Amino acid sequence: MKIKYLLTHIAVNQIINLCKSAKSIQQVFILSKRDIEQCYPNQQCGAYGNWRKTQEEVDAMNGHKKKQLAKYIGENITQQQFETDLLIVFNALQKCWKLAF
């Protein structure tokens with residue numbers, strides 16, 4: 001998985017370098033962790049344990065499990081949790097809405 005992360009990181013840096021204007025006008029948002037599952041709120045539940053996953057837990061998940069977790073969190077996350085714990089996603093969505101009009 002480290003190779004995947006390295007390639008992803010390199011690709012992101014290449015895109016940012018090619019599109020410097022997008023970064024300068026704050027249209028590029030980068031998660032603080034490798035996977036969004038590591039950024040979820042730190043909350044326990046009976047179905048999925050802690051919503052926030054470690055790198056090892058994420059690496060052990062397949063796409064279906066990731067989608068199930070994302071759907072569950074999307075249906076159960078509070079606005080406060082979303083705006084606080086997933087701030088980068090919230091900011092990206094706000095920027096999309098601002099630029100859509």
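Every value quoted in this text rests on a predicted model; they were computed, and no experiment measured them. When a residue number appears, it is its place in the shown sequence, counting from 1.
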*Asks:* With hydrophobic residues grouped by side-chain heavy-atom distances under 4.5 Å, do Leu93 and Phe29 end up in a single group?
*Replies:*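 Shared cluster, yes.
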*Asks:* Say you draw a straight line from CD1 of Ile88 to SG of Cys39; how long is it, rounded to the nearest 0.5 Å?
*Replies:*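 So the CD1 of Ile88 and the SG of Cys39 are separated by 9.0 Å.
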*Asks:* Taking only residues two or more places apart in sequence, or in another chain, which ones meet Gln38 in a side-chain contact (heavy atoms from CB on, under 4.5 Å)?
*Replies:* Lys33, Arg34, Asp35, Gln55, Val58
*Asks:* How many angstroms lie between atom NZ of Lys71 and atom CG of Asn76, to the nearest 0.5 angstrom?
*Replies:* 11.5 Å
*Asks:* Report the distance from atom OG1 of Thr84 to atom CD of Gln79, rounding to the nearest 0.5 Å.
*Replies:*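 Reported to 0.5 Å precision, the distance equals 9.5 Å.
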*Asks:* Could you tell me the separation between the OH atom of Tyr40 and the OH atom of Tyr48, rounded to the nearest 0.5 Å?
*Replies:*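 The distance works out to 10.5 Å.
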*Asks:* I'd like to check the side-chain hydrogen bond (donor to acceptor under 3.5 Å, both in side chains) partners of Gln44; sequence neighbours left out, ordered by chain and number.
*Replies:* none
*Asks:* Give, for atom NZ of Lys66 and atom NZ of Lys53, the distance between the pair rounded to the nearest 0.5 Å.
*Replies:* 12.0 Å
*Asks:* Output all residues satisfying side-chain contact (heavy atoms from CB on, under 4.5 Å) with Thr54, sequence neighbours left out; order by chain, then residue number.
*Replies:*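 Expected list: Glu56, Glu57.
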*Asks:* Find out if a path of hydrophobic residues (ILVMFWY) with successive side-chain heavy-atom gaps under 4.5 Å connects Ile30 to Phe90.
*Replies:* no
*Asks:* Apply side-chain hydrogen bond (donor to acceptor under 3.5 Å, both in side chains) to Asn42 and list each qualifying residue two or more places apart in sequence or on a separate chain.
*Replies:*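 Listed in chain order: Asn50.
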*Asks:* To the nearest 0.5 Å, what is the distance between OG (Ser32) and CG (Leu87)?
*Replies:*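 Here the rounded value is 10.0 Å.
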*Asks:* Considering residues at least two apart in sequence or located in another chain, which fulfil the side-chain hydrogen bond (donor to acceptor under 3.5 Å, both in side chains) criterion with Glu75?
*Replies:* none
*Asks:* Listed by chain and number, what are the side-chain contact (heavy atoms from CB on, under 4.5 Å) partners of Gln81, not counting sequence neighbours?
*Replies:* Pro41, Gln43, Trp51, Ile77, Thr78, Asp85
